[in-house]
Amino acid sequence: MSENVVRLHKAPDGPAVRPVPLWVRSGHAVKAAVAHERTRSAGRAVVRHGLYTFNGGRIVARRAWDGRTGARYERMIRAAEVAGNLEAAEEWEERLSRFRAARHHRRMDLLHSPVDAAKGVAVGAGMSVGVLVALGVVMAISTGQVTDVVTPLSATIDFIALLIRIVQIVWGPAVTIGPFLALLALWAVGRQQQAAPHWALPANVRSGEGEPITPSIVVKALRDLGIPALRNAIKEMGDAGASMLGPITIAGCGVEVDVTLPSGVSTIEVQNRRRKLAENLTRHEHEVFITIPQAARTVRLWIADSGALDEPIGPSPLVTDETMTADYAKGKAPWGQDLRGDAAALSLYQRHLLITGLSNQGKTAALRALALWLALDRTVEFRIADLKGAGDWAMFDGLATVLIQGPTDDHVIEATEMIEDGVAEMERRLQAPPGTTFPPLILLVDEAQVAFMCPLVDADKRPYGGSKATSRYFMAARKIHNQGRAVNVLLWQGTQDPTDQNLPKLVREGAHTRAALALGTESQARMALGDKAVDGGAAPNLLRPGLDKGTVVVASDGIAIPAGQSSITVRTHYIDTDTATEVAERAKRMRDGVTTLRVIDRGEDRDPLADIHSVFGESPRLVTQDVLKRLTALNEDAYGRWTFADLRRVLDGTGAEPYKSDGRMVVARERLTRALANRDSDDSASAG
């Protein structure tokens, strides 16, 4: 064996080491060279330009063949037959017949053309010689020299000899350079058509960012989806699949096109390949939406302009138009814009509402925007339970007749009693004389999953949460869903991560308007919107958490949905808390004054430390001023006059004292949780 492979060497202060074999080192070097970006770029360039020339020849040959034969007409006939357009097929067949007749006439003319050409050459040559001789006679008479008779003829012969000489000189180089010029022409054709694999194209072409959508791009994207039946059908079509496409129309910040699938290809197969289709169209997955219109075996593609969905849609009309009012019965809430860029307005008349989504995706803001618009109708009464208690609904103090804010079990009890009071009001209205009209009553519960999952039971052993027939919150919601619509008693609910445990089936299916922001799974999407909407293309589970905040998929008859679709995607206007407070103040000025019951009194003493902990919600820490504001929103009677000294008095000695962070005094939720746990353990020890 080679010495380079087997010989051991010893390090000065170490054991013998076997050297790496030479062939292994060479292989690593080759691998490193291949992996180098310059090597890859050079390889792509060689493949690209070689295929430009080869495929350019194919394109030129195909064009020549189409020009000399009826292949083009035959392809169009087959495409029309596949599309079922018999009139177009007959028209192309007639054109093919005319082409064949003209071609036959030209071929028959070729049988007589050699004789006619010879006669023409002879006659032309004779006339030319006669003209030259006549010209020579004129010159001889003019000069008196008899030899001038042949001067024009000899000059013509000399000129022809010169042309022959030029051709002899040029012919050699032309024969040598001609093939290279032909290859260059073929390369130019291939380059213009980008006739090379996608991976071999230049980086700026491969990226395709912002590339306009054309029929050929859509057909190629469908062909490369990996559906054999679809790929084979496109190959068999004479027009390379163009007959599948309807008109590509501008739709808002994108384009829309209907695709009629060939026999043997189902719409679900295309829907299940949404990501691959988007990538084939040089778009991100969230920039392509697939819906099912009324036409059979058809999918509707909406393709956004690259990056358009990441741009804001502008402020809500509630903010820009201070004179706006609402009409519960006839009006529609300006909620946002659909993907086409058109205004999306939602009718709230006699419709129970459910909106779901992952945490921190804009659920409360989307729900609050609807309530703010409806608050501009002075006849509407609100009773609100915010089971997060972060102050998101504090601006309805003075608008709502009941405002409950907090995440504890006590707040769930209060929210349940609020819904049960709504049931009692509904039953009173149902027993009123026929023809009696009733003002709208909106019972709104944000973070309703907290109520459904509450473990408490009342004195009669009836649970507040759950989905059994004994569950108080569940049964109250079901009763309002069953009969509340008839007397304008409506239930609006917002909830996170819908499951059978935190959003029972009977309750979610009782909502007339169902909307979903970004969700985690398709099963959650089906719970939120229903099977019909998801089977029709609704996919809130494909929205991007964090990036598509405020984008909702809506299934409702209260919003304009394109014919044949079961849902619509809406980018809602965002109204921040400060702006929402301004809109709420306008609504308050339209009313005579509303006394808001903030906490349902059950004769229990307040626990300041527990209340401070409850107002944190999901925030890890809060500025002390925000803690005081949220305590006031929780119970103004108990905490409305609190100062920083009162807050410090309660927290001193608990381990959760306020501390300075970034120059501001804050309170940490984790410390409060530990303080409550320590207090409870001390109480248990004392009792023991």
Side-chain angles (χ1 to χ4, degrees), residues 251-254 256 267 271-272 274-275 278 284-293 299-304 308-310 313 333 335-348 351-367 369-370 492-499 503 508-509 511-574:
C253 57
E256 191 174 70
T267 56
Q271 284 183 298
N272 289 341
R274 177 187 175 191
R275 173 175 293 181
H284 297 290
E285 182 178 10
H286 71 277
E287 294 176 328
V288 175
F289 287 80
I290 305 174
T291 54
I292 310 299
V299 293
R300 178 168 294 159
L301 307 181
W302 185 85
I303 307 162
L309 294 184
D310 296 328
I313 64 172
W335 208 11
Q337 293 180 0
D338 62 16
L339 296 178
R340 300 174 64 93
D342 299 330
L346 179 67
S347 172
L348 304 173
R351 290 178 176 87
H352 302 299
L353 186 146
L354 171 66
I355 182 169
T356 65
L358 297 176
S359 177
N360 196 33
Q361 297 305 308
K363 169 177 52 63
T364 297
L367 184 61
L370 297 176
W492 292 7
Q493 296 181 98
T495 182
Q496 294 181 14
D497 301 339
T499 65
L503 187 60
R508 61 180 184 252
E509 291 187 349
H512 303 98
T513 296
R514 299 167 71 172
L517 293 102
L519 292 172
T521 64
E522 182 180 326
S523 62
Q524 289 182 330
R526 292 184 180 275
M527 291 179 185
L529 300 176
D531 291 335
K532 180 181 179 182
V534 174
D535 291 339
N541 53 301
L542 296 181
L543 294 173
R544 302 166 297 168
L547 298 176
D548 289 325
K549 275 188 176 182
T551 299
V552 296
V553 183
V554 187
S556 172
D557 61 350
I559 192 169
I561 296 178
Q565 296 180 202
S566 55
S567 65
I568 187 172
T569 301
V570 176
R571 302 171 67 196
T572 60
H573 296 293
Y574 175 66

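Note that this is a predicted model, so its numbers are computed, not measured.
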* Sole residue of R508, E509, H512 in side chain to side chain contact (heavy atoms under 4.5 Å, CB included) with L354 -> R508
* Asked: Can you tell me how far CD of Q493 sits from CG of L353, rounded to the nearest 0.5 angstrom?
  -> 9.5 Å
* To do: Nearest 0.5 Å please: distance from the OG1 atom of T495 over to the CE atom of M527.
  => 11.5 Å
* Asked: Just by distance, do the side chain of Q361 and the backbone of G357 share a donor-acceptor pair under 3.5 Å?
  -> no
* Should L370 and W335 be marked as a side chain to side chain contact (heavy atoms under 4.5 Å, CB included) after you check the CA-CA gap, both sets of side-chain angles, and the distance that decides it? -> CA-CA 7 Å; L370 297 176; W335 208 11; 3.7 Å; yes
* Asked: Counting N and O atoms only, with roles assigned by atom type, does the side chain of R526 sit under 3.5 Å from a partner on the main chain of A533, one being a donor and the other an acceptor?
  -> no
* Rounded to the nearest 0.5 Å, how far apart are OG of S567 and NZ of K532? -> 10.5 Å
* To do: Could you check V553, I313, I559, T551 and say which one makes a side chain to side chain contact (heavy atoms under 4.5 Å, CB included) with V570?
  => I559
* To do: Check step by step if side chain to side chain contact (heavy atoms under 4.5 Å, CB included) holds for N360 and K549.
  => CA-CA 8 Å; N360 196 33; K549 275 188 176 182; 3.6 Å; yes
* Structure fact -> Checking V534, I290, D535, T291 against Q271 for side chain to side chain contact (heavy atoms under 4.5 Å, CB included), the one that qualifies is I290
* Asked: So which heavy atom on A366 is nearest to which on I355, and how close?
  -> CB-CD1, 3.8 Å
* Below 4.0 angstrom, N of the basic side chain to O of the carboxylate: do D338 and R571 qualify? -> no
* Structure fact -> Taken to the nearest 0.5 Å, the spacing of N541 CG from T521 OG1 works out to 7.0 Å
* To do: List the atom of L503, the atom of P498, and the distance in Å for their closest heavy-atom pair.
  => CD2-CB, 3.8 Å
* Asked: Would L348 and W492 satisfy side chain to side chain contact (heavy atoms under 4.5 Å, CB included), going step by step from the backbone distance to the final call?
  -> CA-CA 10 Å; L348 304 173; W492 292 7; 3.7 Å; yes
* Would you verify whether the NZ or CZ of R300 falls within 45 degrees of the ring axis of F289 while also being under 6.0 Å from that six-membered ring's centre? => no
* Kindly compute the distance separating OG (S347) from CG (D557), expressed to the nearest 0.5 Å. => 8.0 Å
* To do: Over all heavy atoms of both residues, which pair between S556 and T513 is shortest? Give the atoms and the distance, please.
  => OG-OG1, 2.8 Å
* To do: Before giving the answer on side chain to side chain contact (heavy atoms under 4.5 Å, CB included), spell out for T356 and L519 the whole-Å C-alpha distance, their side-chain angles and the decisive distance to 0.1 Å.
  => CA-CA 8 Å; T356 65; L519 292 172; 4.2 Å; yes
